[in-house]
Amino acid sequence: MLEHFPVLIIIIPLIAGALCALARNEVVCWWLTFVVTVVCFVGAVTMLNLVQDGGTISYAMGGWLPPIGIEYRVDLLTAYLLILISLMAGIVHVYGRRLVQVEIDEDLRGWYYGMYLLCFCGLMGIVITGDAFNAFVFMEVSSLSMYVLIALGRDKRALAASFQYLIMGTIGATMYVIGVGLLYIQTGTLNMIDLGVRLESHLTEPTAIAGMAFIIVGLSLKLALFPLHLWLPNAYAYAPSATTAFIAATATKVSIYLLARYLYTVFGFDFAILSTPVPEVVLVVSIAAMFAGSFIAIFQDNIKRMLAYSSVAQIGYITLGFSLASIDGLTGSLVHIFNHAMMKGALFMLVGGIALQLGSVRLKDMAGIGREMPWTMAGFVIAGASMLGVPGTVGFVSKWYLALGALEFGAWWIVALLVISSLLVLAYMGRVVEVAYFRPRPDGAATLQDPPKIMLLMAWLLIAGCVYFGISTDFTLGTARDAANALIGTAP
Amino acid sequence: MKHHLILLVVSKLLIPFLLLFAFYVQMHGDFGPGGGFQAGAIAAAAIVLYTLIFGRRAAEKAVPPRIVEAGIPLGVLVFAGVGVANLLMGGNYLEYNAFNPAHPVEGQHLGIILVEAGVFITVFCTLVTIFNTFARRGR
Amino acid sequence: MEDLGFLGVIGHINQWITVFLIMAGLYIIVARSNMIKKLVGLSIFQTSVYLLYISPGKIIDGTAPILSPEWDTYSNPLPHVLILTAIVVGVATLALGLSLVVRINEAYGSIEEDEIYKDDAD
Amino acid sequence: MTLAVIGVRNLFGLVVLSGAYSFIMATLLIAMDAVDVGMTEAAVGAGVSTVLLLSALHLARTEEAPGKVFQPVAAILALVTGAALIYGTWGLPLYGDPDGPIHHHVAPYYIEQTPEEMGMPNIVTAVLSSYRGYDTLGETTVIFTAGLGVMMLLRGRRRDGGKPKKGGQRRDDDKKDEA
């Protein structure tokens with residue numbers, strides 16, 4: 001059975017999603033989803049072990065060998081992301097039960113979990129596939145379910161946000177398909193590895209370059225790289241809180257993964273990074289994202305929107321590492337994918353708890369809640385410190401490696417910019433802390449409590465992760481470093 | 001819904017043939033153009049036509065929405081189930097040869113027919129359900 | 001209109017059509033504020049991809065990829081398969097987009113993006 | 001045709017035009033030997049999409065609000081994309097050329113092996129259901145997702161005061177709405 005793991009961890013959520021749609025019973029669906037996420041997490045960890053021991057796993061779908069059929073390909077980076085996605089899906093799922101009961105209509109809850117599973121399945125499918133077109137199909141599975149999950153928000157603005165995301169997401173996916181089409185016309189294959197091999201002699205031809213441009217732009221739309229981020233803030237802000245926590249931690253990460261896959265595996269490090277203007281463009285855009293995102297975040301009154309803009313900035317950090325053309329820089333990026341998912345996941349989960357208890361996520365309503373919701377706000381402070389990059393937290397680890405990469409790149413000014421942008425993080429995180437701890441509760445306001453224990457527990461699990469992986473970096477940093485080595489090393 | 005005689009007669013003639021044609025497209029997919037998806041779309045068109053002319057009540061009696069709704073995940077389950085069956089029979093996922101290792105071609109045939117049936121069920125049910133949902137929202 | 005001269009002209013005509021459709025579709029999506037029109041633009045944008053994929057698969061003197069004894073040259077079947085999938089994805093997106101439009105219309109009483117954002121700002 | 005889509009203000013006219021557009025597209029696809037695709041495009045683009053658009057129009061307004069006729073930003077964006085694509089397709093083989101790379105890798109395998117391995121003449125079906133059957137599973141899942149999504153979006157309680165469809169009681173605390 002072990003050799004079928006790659007397909008099983010995609011197919012089990014898919015089948016479970018269909019079963020949820022049939023069952024419609026909230027309790028049944030909840031437990032089913034819970035079991036599925038646990039199974040997938042265990043499967044993902046097993047696969048990481050297998051890959052570490054025996055090298056890349058290739059699974060031929062339908063028994064047709066790769067260029068003919070569709071291939072599932074698990075290497076270090078893939079397993080690393082599979083673990084991240086299934087871990088976040090499981091934690092957010094356990095956390096979200098109470099929120100779903102509050103935010104989703106009763107007769108839709110079973111379907112909500114079905115949708116959640118489909119989204120999970122789509123995201124995992126994008127990561128694990130070794131076929132360019134198959135990635136598109138699963139991208140659509142995850143996107144369509146995400147549009148629905150977002151549109152279920154109670155605020156009517158969730159609908160408009162979801163529509164905007166649908167339009168921009170579909171443009172992005174279509175651009176991606178155009179790019180894949182151009183590469184396919186040039187090479188006659190859709191398998192990523194085969195594409196990489198066959199493109200080698202065509203790389204300087206216009207078709208390959210245009211194909212690369214379309215793929216990069218399309219994926220940038222999906223991953224909300226700075227000027228193309230317009231869909232993200234509204235989608236995060238108005239989606240149901242449990243949805244926000246899940247997609248903020250996983251969705252953009254998957255597109256980032258795919259981008260890395262194309263830049264390093266298909267086009268190759270030597271070409272994409274060393275001999276095209278891609279890194280320069282990405283560098284400029286990433287720095288713009290870091291500053292614009294953080295800067296806009298400072299002026300947000302809605303905390304979810306603030307964190308969403310902060311995500312735009314953090315995505316900038318991740319793509320920055322791609323442009324630094326060094327193993328340290330890429331390691332920083334990959335490690336930050338994991339770290340940012342934990343920090344942002346924790347923050348959105350805590351904000352979901354605040355929304356549940358306070359009934360609002362506006363900063364002005366949060367005055368003085370620090371004393372009434374001690375665990376929530378303490379978690380907020382720790383995760384915020386991690387965003388800032390305080391030593392001993394995961395945020396520090398990623399920034400340290402990005403800085404090392406920048407030094408290797410020979411650019412002191414990037415390090416300086418990293419520090420300055422961290423100050424912006426201090427500004428918006430500090431604002432929340434200041435309001436929550438140092439302003440008095442308005443007179444006559446009802447006393448608040450921390451959200452239910454299970455929600456806190458799940459959020460604190462991630463916060464503990466933020467600290468643990470900030471000190472013991474074996475798993476995250478080690479895997480990321482090996483993956484970065486493999487990406488740059490195997491480049492044709 | 002008003003009852004126009006011509007519409008009623010023409011549609012009564014047309015709808016069985018549409019369904020028959022859908023069935024033909026489904027089964028003939030191995031030889032000519034067509035397959036589960038196209039057949040599902042055509043069959044759904046027949047039901048939509050029926051709904052438009054005879055009204056929603058009659059259509060819901062002929063094609064109960066509950067069953068149609070259940071069909072949406074069912075088709076996916078059939079498709080995915082074929083893959084799981086292949087796994088259990090010792091093949092890779094969706095490796096239809098595993099159905100009949102002695103005669104791979106037979107296995108492929110069986111697999112393709114089952115899979116196309118799954119596609120048909122999902123597509124047909126989804127399209128009918130989407131139409132019904134839109135129609136019901138209008139009330 | 002743009003396809004009248006198609007059959008007689010050999011060369012890059014297929015790509016010109018594709019490019020034109022992509023530009024038109026993108027223009028509609030970005031320039032128009034009406035949501036239904038945006039969705040139609042989106043499907044035009046997606047249709048252009050069909051041509052991009054299918055047209056290079058064609059071989060002059062070839063026939064449809066259905067085996068028969070009289071022919072020995074067939075067009076490339078793989079793009080056909082991919083585009084079948086893409087069409088299905090397109091219609092799924094359209095259905096979902098339209099149901100969002102319906103909900104938006106109920107919630108805001110409008111399907112013009114400009115008016116909706118104005119409404120939100122209040 | 002497409003230009004008319006940009007111009008027309010009445011959405012009903014728009015739907016009719018897009019249906020006609022799909023039929024032309026289907027003809028074009030069949031002219032390029034893609035019979036399966038052409039058939040699907042005719043059934044889906046002209047059939048299903050039109051019905052869906054009409055049912056949505058039935059529930060929404062049919063006139064587009066007047067707006068600016070020409071949007072420079074959109075035009076520039078479209079032109080840049082078009083230019084990139086022209087650049088990308090410039091060096092490609094001419095239309096119908098049998099020497100293009102896509103005819104020499106992977107595709108010949110399907111054409112040659114299908115009779116042996118599948119025993120059926122329609123290669124498209126063989127590739128669709130078996131060689132790339134997993135894509136089709138994904139495609140079916142996309143349809144399923146869309147169907148489920150439409151039901152979730154349109155079956156819930158109506159926010160404009162309508163009755164909930166099923167016995168689900170209306171929630172009285174709308175404290176979250178403010179968020």
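Sequence lines set the chain letters: A, B, ... in the order given, protein chains first and strands last, and positions in each chain run from 1.
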message = Apply side-chain contact (heavy atoms from CB on, under 4.5 Å) to residues C/Thr47 and D/Tyr21 and explain how you reach the verdict.
response = CA-CA 10 Å; C/Thr47 332; D/Tyr21 166 82; 3.4 Å; yes
task = Quick one: pull up CG in D/Leu153 and CG in C/Leu96 and give me the separation to the nearest 0.5 Å.
result =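 One gets 6.0 Å once the value is rounded to the nearest 0.5 Å.
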query = Between atom CG of D/Leu154 and atom CZ of C/Arg103, what is the distance when rounded to the nearest 0.5 Å?
reply = 7.0 Å
key: Proximal component of D/Ile76, with respect to chain C [non-hydrogen, under 4.5 Å]   = neither
query = What part of D/Val142 gets closer than 4.5 Å to chain C, counting heavy atoms only: side chain, backbone, both or neither?
reply =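 Its backbone and side chain both get close to chain C.
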inquiry  = Pair D/Glu41, C/Ile83 - check side-chain contact (heavy atoms from CB on, under 4.5 Å), show working.
reply    = CA-CA 10 Å; D/Glu41 172 67 15; C/Ile83 291 314; over 6 Å; no
message = Quick one: does any side-chain atom of D/Arg132 pair with a main-chain N or O of C/Val81 as donor and acceptor, under 3.5 Å?
response =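 No.
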request  = Taking all heavy atoms of C/Ala95 and all of D/Val150, pick out the closest pair and write down the distance.
outcome  = O-CG2, 3.9 Å
inquiry  = Less than 4.5 Å apart, side chain to side chain, heavy atoms only: is that true for D/Asp135 and C/Leu82?
reply    = yes
note = In C/Val91, C/Ile87, C/Leu98, the residue satisfying side chain to side chain contact (heavy atoms under 4.5 Å, CB included) with D/Ser49 is C/Val91
task = Go through the atoms of C/Val89 and report whether side chain, backbone, both or neither lie under 4.5 Å from a heavy atom of chain D.
result =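 It is both, since atoms from each part get that close.
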key: Leading residue by heavy atom contact count with chain D [cutoff under 4.5 Å; candidates C/Ile22, C/Leu26, C/Leu84]   = C/Leu84
ask   = Checking side-chain contact (heavy atoms from CB on, under 4.5 Å) for the pair D/Asp36/C/His80: CA distance, chi angles, key distance, verdict?
value = CA-CA 7 Å; D/Asp36 279 271; C/His80 299 184; 5.6 Å; no
task = Assess whether side-chain contact (heavy atoms from CB on, under 4.5 Å) is satisfied between D/Val37 and C/Tyr50, documenting all intermediate values.
result = CA-CA 9 Å; D/Val37 183; C/Tyr50 309 167; 5.6 Å; no
